[in-house]
Amino acid sequence: MPFTGMLLVAVLLLAAAAAPAGASESFLASVVSFAPVGDPRDGAAENLQKNLVDIQSLLSSAQLGTCDLVVLPELVFYYAGIERALAEGKAALREYAVPLPPVGSNPCAFKPGQQNAAFLRSLSCTARDLGSYVVANVLDLVETGGGGYKLFNTDVAFDRTGSLVAKYWKWHTFGLSPLIDQPGECERRPASFETDFGVPFGLFVCFDIEFEDPVQVLLDEGVRHFAFSSAWVNNPPFGFATEIQQGWSKATGAALLASNIGSGVSRAGSGIYVAGRELATDFNSTAGPINRVSSALVPKTVDAGEAKRGPVRVPPSLAPPNAGAIGNCSLEFLPGVSLNATCVVLGDKNNGPQSFSLSADDLECQFSIGGSTFEAGGTGVPVAVAFSTPVQFPSTVDAVDYKGCMILPCVGYPLCSSPNWSSAVGKLGPTEIRMTADGTQDRFIPLFSIVELPSKRVVSRELDDYEAAGTKEGGGTVARIAKSSTDSKLERTASLGIINVKVLQGPARLRVQRSVV
């Protein structure tokens with residue numbers, strides 16, 4: 001473990017120890033970045049146990065001490081099974097599934113019986129041995145009769161004794177249908193659990209973060225802390241894992257403990273945030289496989305008002321955008337998935353303040369940009385974009401309407417592809433972006449990342465001001481963000497904007513009755 005990481009953990013432990021028993025206003029939490037191991041040709045039991053042993057070793061070396069809660073990433077235990085199933089079919093992935101017992105059971109006390117029960121017992125006992133709550137991601141095997149079955153991507157939570165206190169089936173699956181099943185309307189249940197340190201936690205997984213539910217159901221019930229497992233796919237120039245995590249925390253005014261897979265730059269980025277404020281983060285766009293633990297003291301009480309600061313207003317426009325620069329471009333959001341956008345090229349003779357609007361279908365984006373130093377070259381052309389595009393992601397059940405108002409670098413303009421991890425628009429001045437969409441929209445997520453110089457490391461940042469959706473003007477739904485200052489000498493804006501995702505088909509925002517388990 002790096003010396004700085006050891007020092008951080010030591011400081012956190014000393015701070016926790018200094019608080020009077022029962023009087024602490026915070027708890028110690030850890031999120032794990034982990035690169036899965038295993039050979040698809042090996043047996044499921046061997047690969048499951050191999051990843052668990054490596055995670056146990058990582059946690060042991062991190063010397064967590066009295067850590068209250070640990071969050072593990074999505075997919076890591078059955079990653080090798082997915083690789084095999086992509087070639088051989090769903091039956092190969094079933095070998096990695098675990099028939100989960102009812103909530104309230106303690107698998108650590110079980111004798112191995114059902115499929116992969118020994119693995120589940122070891123996972124449960126990990127929580128007991130750590131003396132921590134542990135949130136992990138497994139495959140739940142549900143028999144449907146007549147030889148049929150379903151495999152659900154499932155987050156499970158164990159208490160300090162190893163008892164199963166919650167399980168949650170991921171509502172919005174991504175990229176793995178039909179290998180992994182998406183729960184139907186009657187199968188969907190938000191999930192939360194209570195802790196012995198007085199903080200209730202909600203659960204959700206990866207792609208769920210871009211949708212209003214199931215999280216909104218829990219927010220409405222007063223839950224303000226969330227454990228989040230993911231295997232997020234990073235693809236420049238926007239939507240990095242940490243950028244999404246921090247933006248979501250800002251938008252909801254909630255605390256987020258986000259654990260992401262660490263298999264390489266395209267799948268990396270974990271963090272701990274409170275109402276958009278970063279407490280710990282781990283994303284290195286130049287690194288290979290990552291196995292690390294990030295820890296922080298998290299307040300037990302979260303004030304949703306922390307998510308808003310301001311108002312911050314950008315000076316009025318002094319110049320229009322470059323003449324003739326408004327046109328069409330295409331953003332390669334993921335390999336094989338492009339977003340058609342209306343674009344305007346920034347910079348050239350207009351580095352001074354400017355204000356303009358872009359439209360795309362039922363969306364209007366208003367940009368007010370203070371004096372900036374835009375940069376064009378090998379790292380991309382700086383552009384402002386507006387997009388409202390129906391998208392069906394490959395092997396994904398839900399088709400979505402993907403909207404965005406963004407400032408970002410476009411490599412290969414007007415076909416914005418060829419990802420460059422250190423791309424930046426330049427030294428961006430004070431900026432305000434206002435997004436107006438027709439009708440009622442789900443959650444808007446603010447995004448802001450910078451590139452640090454000279455390391456060229458990508459880092460998410462908290463915005464100075466954010467106004468959530470809900471203000472109706474002329475029948476539309478409005479969101480607004482602002483950054484109040486010019487980038488520093490050693491920073492360049494990588495991306496800045498607002499996104500919104502809404503289901504077009506399949507189960508949409510379901511207001512469900514909570515089940516008591």
Side-chain angles (χ1 to χ4, degrees), residues 31 33 35 73-74 174-175 205-210 228-251 256-273 276-290 292 294 331-335 337 339 379-380 382 385 387 393 402 404-411 416-425 428 433 444-453 455-463 466 481 483 487 491-501:
V31 295
S33 298
E74 183 191 21
F174 184 90
V205 180
C206 206
F207 195 36
D208 289 335
I209 200 171
E210 297 204 81
F228 175 68
S229 299
S230 70
W232 193 264
V233 179
N234 299 310
N235 196 62
F238 73 95
F240 300 107
T242 51
E243 187 178 50
I244 291 284
Q245 294 161 10
Q246 190 161 13
W248 181 92
S249 176
K250 184 79 170 180
L256 179 65
L257 281 58
S259 172
N260 196 35
I261 205 166
S263 55
V265 62
S266 64
R267 287 199 171 186
S270 300
I272 301 174
Y273 315 86
R277 176 168 52 91
E278 172 199 312
L279 302 184
T281 190
D282 184 356
F283 176 51
N284 188 342
S285 61
T286 63
I290 297 170
R292 279 199 292 263
S294 301
L331 310 177
E332 187 182 45
F333 182 62
L334 289 171
V337 177
L339 304 174
T379 62
V385 302
F387 56 84
F393 294 107
Y402 210 104
C405 302
M406 297 290 304
I407 295 174
L408 49 83
C410 174
V411 180
C416 306
S417 58
S418 303
N420 186 318
W421 292 97
S422 59
S423 294
V425 299
L428 189 66
I433 301 176
F444 291 83
I445 301 179
L447 305 178
F448 182 28
S449 286
I450 59 97
V451 175
E452 291 182 334
L453 301 177
S455 66
K456 297 186 177 180
R457 190 170 72 102
V458 179
V459 181
S460 64
R461 285 283 188 263
E462 180 185 5
L463 283 158
Y466 167 78
I481 63 171
K483 69 184 288 279
D487 293 337
E491 293 183 348
R492 298 292 183 269
T493 292
S495 61
L496 174 70
I498 314 169
I499 61 169
N500 173 264
V501 181

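Keep in mind that the numbers below use all heavy atoms, side chains included, and drop hydrogens, waters and symmetry copies.
Using a cutoff of 4.0 Å between basic side-chain nitrogens and carboxylate oxygens, R277 and E462 are not scored as salt-bridged.
Taken to the nearest 0.5 Å, the SG atom of C410 stands 7.0 Å off from the CG atom of L331. If you take CG on N234 and OG1 on T242, they are separated by 7.5 Å, rounding to the nearest 0.5 Å. Taking CZ of F283 as the reference point, atom CD of Q246 lies at 13.0 Å (rounded to 0.5 Å). S449 OG to R492 CZ: the interatomic distance, rounded to the nearest 0.5 Å, is 16.0 Å. The CG atom of L447 sits 13.5 Å away from atom NZ of K250, with the distance rounded to the nearest 0.5 Å.
R461 places a side-chain heavy atom less than 4.5 Å from the side chain of E491. Looking only at side-chain heavy atoms (C-beta outward), K483 and T493 come within less than 4.5 Å of each other. Inter-residue side-chain proximity for L463 and L496 is flagged as met; some heavy-atom pair is nearer than 4.5 Å. M406 is listed as a side-chain neighbour of I499, based on a closest heavy-atom distance under 4.5 Å. Looking only at side-chain heavy atoms (C-beta outward), I209 and I244 come within less than 4.5 Å of each other. Annotation: side chain of W248 is not in contact with side chain of Y273 (no heavy-atom distance under 4.5 Å).
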Residues 265-272, side-chain donor-acceptor partners within the protein, below 3.5 Å, at least two apart:
residue	atom	partner	partner atom	Å
S270	OG	S33	OG	2.8
S270	OG	N260	N	2.8

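Looking at residues two or more places apart in sequence or on another chain, you find no salt bridge (charged side-chain N to carboxylate O under 4.0 Å, His left out) involving E243. For D282, the side chain to side chain donor-acceptor pair (under 3.5 Å) criterion is met by R292, not counting sequence neighbours. Legend: residues meeting ring pair (Phe, Tyr, Trp, His ring centres under 6.0 Å) with F448, ordered by chain and number and at least two apart, are absent. S229 meets the side chain to side chain donor-acceptor pair (under 3.5 Å) test with D155; sequence neighbours excluded. Considering only residues two or more places apart in sequence or on other chains, W232 meets the ring pair (Phe, Tyr, Trp, His ring centres under 6.0 Å) condition with none of them.
Judged by distance alone, with hydrogens and angles left aside, the side-chain atoms of D208 form no donor-acceptor pair with the main-chain N or O of F228 at under 3.5 Å. The backbone N or O of A231 sits less than 3.5 Å from a side-chain atom of E74, completing a donor-acceptor pair.
Ring geometry for Y402 versus F393: interplanar angle over 60°, hence perpendicular rather than tilted (30 to 60°).
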